[in-house]
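Presented below is the structure to which this report refers.
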Protein chains: 2
Amino acid sequence: ENALISGIAFNKDQTKFTLHGVEDTPGIAYKILGPVNDKDISVDVIVQNISVNGKTDFTFTVDSEDEEQVKSILKSKQSGLDYIDLLIDADIAKVSIVGAGMRSHAGIASKAFEALSNESINIQLISTSEIKITMVIEDKYLELAVKTLHKAFNLDK
Amino acid sequence: ENALISGIAFNKDQTKFTLHGVEDTPGIAYKILGPVNDKDISVDVIVQNISVNGKTDFTFTVDSEDEEQVKSILKSKQSGLDYIDLLIDADIAKVSIVGAGMRSHAGIASKAFEALSNESINIQLISTSEIKITMVIEDKYLELAVKTLHKAFNLDK
Ligand SMILES: C[C@@H](O)[C@H](N)C(=O)O
Ligand SMILES: C[C@@H](O)[C@H](N)C(=O)O
């Protein structure tokens, strides 16, 4: 499956927002992202996993320059949203394995996970699509992660 | 941004596996997906959000025909993985908004979230990339969701 990988993309200039403990009921995702969109703020990764005991976490990343504005939007909405905690983290980097038509992610993803694990790099967030496996890690490991993944997928020229 | 949307894709034949309460330490994602990949099982969506108190949930979907095999792989790995609970759900449908170059997901995502919320359809899982916003919902709402999203994005011919 290696032949499908066209490269490793990365971005250090994002901030991750996590609304911890939102209600898992219809309309909540819109209540979170609607106000951010109304201010024309560009959102990149959006990840939400299933809820346990009716609550879940909703995470999204924005360009770091928009951090202050997003923070004030979310803080002003807290009463309507009812989340337990707002976690903001600018010390992140996004690393993606980019390929074409990755029918099954398992092979490519497990190879990427293995490569990062061999370097003891912790994966904070994972999101996949047909063309990309996106992982958020601590920004201090970005260079090591990119080097490791280049090697794992034989992308070293 | 409507012009960018090319269609709504969906799939009812998947099963969602969630390992609830895995340790958020390097190597865990590989320990989960490595064994699944070793058996050549095709994995589609992979979602993991940030951890709280050192534990997080890891979710992935497979074709429903592979459900039993994945279940026995994960159950046999429980001692090495140390998860609190294995949640399996075949009553799901995956619905995706497919577009090209969606630089910012906020506009398209919040419109999709609003459309589903107006029909009281709960979004269980969210994962995004440049070309797709993927949502997992209960399979009984699939037809309504696809109709609603077609309308919201003016895709009705
Ligand atoms: C948490 C959020 O995604 C909620 N389930 C919704 O449908 O909006
Ligand atoms: C939970 C899992 O993703 C872990 N953080 C890892 O790096 O493998």
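Chain letters run A, B, ... following the sequence lines, proteins first, then strands; residues in each count from 1. Below, all heavy atoms of this structure are taken into account, side chains as well, without hydrogens, waters or symmetry copies.
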_Side chain, backbone, both or neither of A:Ile32 within contact of chain B (heavy atoms, under 4.5 Å)_ = neither

*Most heavy-atom pairs under 4.5 angstrom with chain A, which of B:Ala112, B:Ser120, B:Ala115?*
B:Ser120

*Given that the side chain runs from C-beta out, which part of B:Thr134 has a heavy atom under 4.5 Å from chain A: side chain, backbone, both or neither?*
neither

*Please answer: with hydrophobic residues joined when any side-chain heavy atoms are less than 4.5 Å apart, are B:Leu81 and B:Ile84 in the same cluster?*
no

*Choice from B:Asn118, B:Val62, B:Ile121 maximising heavy atom contacts with chain A below 4.5 Å*: B:Ile121

*Flag yes if more than 12 heavy atoms outside B:Asp85 fall under 6.0 Å of its CG atom; otherwise flag no.*
yes

*May I ask whether A:Val98 and A:Met135 are part of the same hydrophobic cluster, defined by side-chain heavy atoms of I, L, V, M, F, W, Y residues being less than 4.5 angstrom apart, directly or through others?*
no

*Spell out, yes or no, whether A:Leu125 and B:Val52 are grouped together once hydrophobic residues are joined by side-chain heavy atoms under 4.5 Å, including indirect joins.*
no

*Any idea which heavy atoms bring B:Gln124 and A:Gln48 closest together, and the distance?*
O-NE2, 3.1 Å

*Take atom NZ of B:Lys55 as the centre, draw a 6.0 Å sphere, and report whether it contains more than 12 heavy atoms from other residues, nucleotides or ligands.*
yes

_Under a 3.5 Å distance rule, please check whether A:Ser110 uses its side chain to pair with a backbone N or O of B:Leu33 as donor and acceptor._
no

*asked:* Are more than 12 heavy atoms, taken from residues, nucleotides or ligands other than B:Lys31, located less than 6.0 Å from that residue's NZ atom?
replied: no

_Donor-acceptor contact below 3.5 Å, side chain B:Ser127 vs main chain A:Ser127_ = no

_Residue among A:Ile123, A:Ile126, A:Asn49 satisfying side chain to side chain contact (heavy atoms under 4.5 Å, CB included) with B:Phe58_ = A:Ile126

*Is chain B contacted by the side chain of A:Leu116, its backbone, both, or neither, given a heavy-atom distance below 4.5 Å?*
neither

*A:Val47 portion near chain B, given a 4.5 angstrom heavy-atom threshold*: both

_Under 4.5 Å from a heavy atom of chain B, the part of A:Lys16 involved_ = side chain

*For B:Pro26 and A:Ser117, work out which heavy atoms get closest and say how close.*
C-CB, 4.2 Å

*asked:* Rounded to the nearest 0.5 Å, what separates atom CZ in A:Phe113 from atom CG in B:Asn37?
replied: 11.0 Å

*Say whether A:Val43 and A:Leu86 are linked into one hydrophobic cluster, either directly or through other cluster members, by side-chain heavy-atom distances under 4.5 angstrom.*
yes

*Which one of A:Asp57, A:Asp40, A:Asp24 has the most heavy-atom pairs closer than 4.5 Å to chain B?*
A:Asp24

*Measuring from A:Leu87:CG to B:Ile50:CD1, what's the distance to the nearest 0.5 Å?*
5.0 Å

*asked:* A quick test of your reading: do over 12 heavy atoms of other residues, nucleotides or ligands sit less than 6.0 Å from NZ of B:Lys71?
replied: no

*Of all of B:Gly27, B:Ser51, B:Ala29, which one pairs up most often with chain A through heavy atoms under 4.5 Å apart?*
B:Ala29

